[in-house]
Engineer: 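This is the structure I have questions about; it appears just below.
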Amino acid sequence: MSIQSSQWWAVALAAEVTAAKPKGVSVDNEPIVLFRDQSGAIRALEDRCPHRRMPLSLGRVREDGLLQCGYHGWSFDGVTGQCKAIPNLLVGEKVPSTYGVFPYRAIEQNDFIYVAAGTALQALPPNLYASPKKIFSGRHTVGLAHAEFIAALMDGPQLLLDCAGIRISDTLIADPHLEDGWLVMERAAFWLGQTQFDGFVREYKLIFRLAINPETAESWLSFTHPDSSVVAVAHLAITPSTRGTTAILWRSFASTAAGVRSTLLRSAAALGRAPITVRAHIDMGAVARLLVGPSEHWQRDNREPGLYGTILTKERARL
Ligand code: FES
C-alpha cells in the first residue's frame with residue numbers, strides 16, 4: 001500500500017464481505033481482495049494472482065477457507081498469502097514456498113472493514129457518538145481525489161451531503177482547530193423552510209460540526225441545537241481509491257431528536273431514508289467554483305503538512 005501504511009483504511013461495509021464471493025476493492029490504486037474464510041474471519045490479500053495476474057476477486061473461497069484463483073485454480077492462505085495448492089502437480093511435487101501474494105491486515109469495526117499494510121499501526125480512533133439502534137449505511141465512489149474531497153467537505157459540505165430537511169450555511173462558527181486529536185470545525189445550519197435571514201443578525205437554529213481524523217480524514221458529522229443536544233449524526237470513512245477517485249463509506253444514525261422540525265428527520269428514517277448521506281450526484285461545477293476556505297492549509301498529497309500539519313507537529317512535540 002503506497003499511502004500511509006501505519007493507518008487503517010476503511011474499504012468495505014462489513015455486510016458486503018461474505019464467504020460466498022470474494023470482493024475486490026482498492027486503496028490508492030492498490031488492488032485488494034476481501035473475503036471471509038471458513039471460520040467467518042475477515043481476510044485481505046493482494047488482488048493479483050502471481051501466476052498470470054488475474055484478479056483473485058474473480059475466484060472463489062474454498063470450503064477449507066483458501067482463496068482459489070478462477071483461472072488455473074491456484075489457492076492462497078488468507079493469513080500468510082502463501083500459495084498452498086496448485087492443481088495437477090506431479091506426484092511428490094510441492095508448491096514452492098516463494099509463491100504467494102501480499103497479505104494485508106484486516107479488521108471489522110463499526111460495520112466497516114478496515115485494512116492496513118504495515119505492522120506499527122495506529123489504533124482506530126474512538127467513536128465520537130454512541131450508536132443508536134437504527135443505522136443506515138452505504139457507499140459511494142466520488143470522482144474527486146482524496147485531498148480534493150476533503151477540501152470540498154471543509155469548504156462546501158452542502159455540495160457533498162444530503163441532509164434531510166437541513167441546509168448547511170456558508171457561515172463558519174468555529175475555524176478548524178484541534179480537539180482531542182480531531183481537526184474540528186463548525187458551521188451554522190438551518191432547517192429548510194425556516195424564514196430566510198441575514199446571517200449577521202439572525203440566530204441560526206443548528207450547528208453543523210465536522211470532526212476529521214487528520215491522518216486519514218475519516219470524519220464524524222453532526223447537527224446539534226445550540227444547547228448541544230444532538231439532532232443527527234453520520235460517520236464517513238473516506239479512502240483514496242483508483243484513478244483519482246475516492247470511496248466514501250457512510251453510516252447515518254436515525255435521529256431521536258425531539259421537536260417539531262426534527263420530525264423531518266424522524267419521518268425520513270421511518271421511511272427508510274438516511275438522515276445524512278453523501279449525495280449520489282455531486283454538482284462538480286459547483287465544487288469547482290467553491291472558494292477556498294478552511295481547507296487552504298490542508299495538504300496531504302505532497303506530504304507537506306501545511307499550517308494544520310505544523311500545528312499538529314508542534315502539539316505532538318509538546319506531548
Ligand atoms: S492466473 Fe491465477 S492460477 Fe493462473
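In listed order, ligands and their atoms are each counted from 1.
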Engineer: So E218 and Y114, side chain to side chain donor-acceptor pair (under 3.5 Å) or not? Walk me through it.
Structural biologist: CA-CA 12 Å; E218 188 162 340; Y114 292 82; 2.6 Å; yes

Engineer: What side-chain donor-acceptor pairs closer than 3.5 Å can you find for residues 89-99, not counting sequence neighbours?
Structural biologist:
from: E93; atom 1: OE1; to: L90; atom 2: N; distance (Å): 2.8

Engineer: Would you check, one step at a time, whether the test salt bridge (Lys or Arg N to Asp or Glu O under 4.0 Å) holds for R43 with D37?
Structural biologist: CA-CA 7 Å; R43 304 295 182 210; D37 67 14; 3.1 Å; yes

Engineer: Quick one: which residue pairs count as a salt bridge (Lys or Arg N to Asp or Glu O under 4.0 Å) with a foot in residues 50-62, not counting sequence neighbours?
Structural biologist: R62-D64

Engineer: For ring pair (Phe, Tyr, Trp, His ring centres under 6.0 Å), just list the numbers for W9 and H146, CA-CA rounded to whole Å, side-chain angles, deciding distance to a tenth of an Å, and then say yes or no.
Structural biologist: CA-CA 12 Å; W9 294 91; H146 192 246; 5.7 Å; yes

Engineer: With hydrogens left out, which residues have an atom under 4.0 Å from ligand 1, given that only heavy atoms count?
Structural biologist: C49, H51, R52, M54, C69, Y71, H72, G73, W74

Engineer: State which residues pass side chain to side chain contact (heavy atoms under 4.5 Å, CB included) with D162; sequence neighbours excluded, sorted by chain then number.
Structural biologist: R273, T277, R279

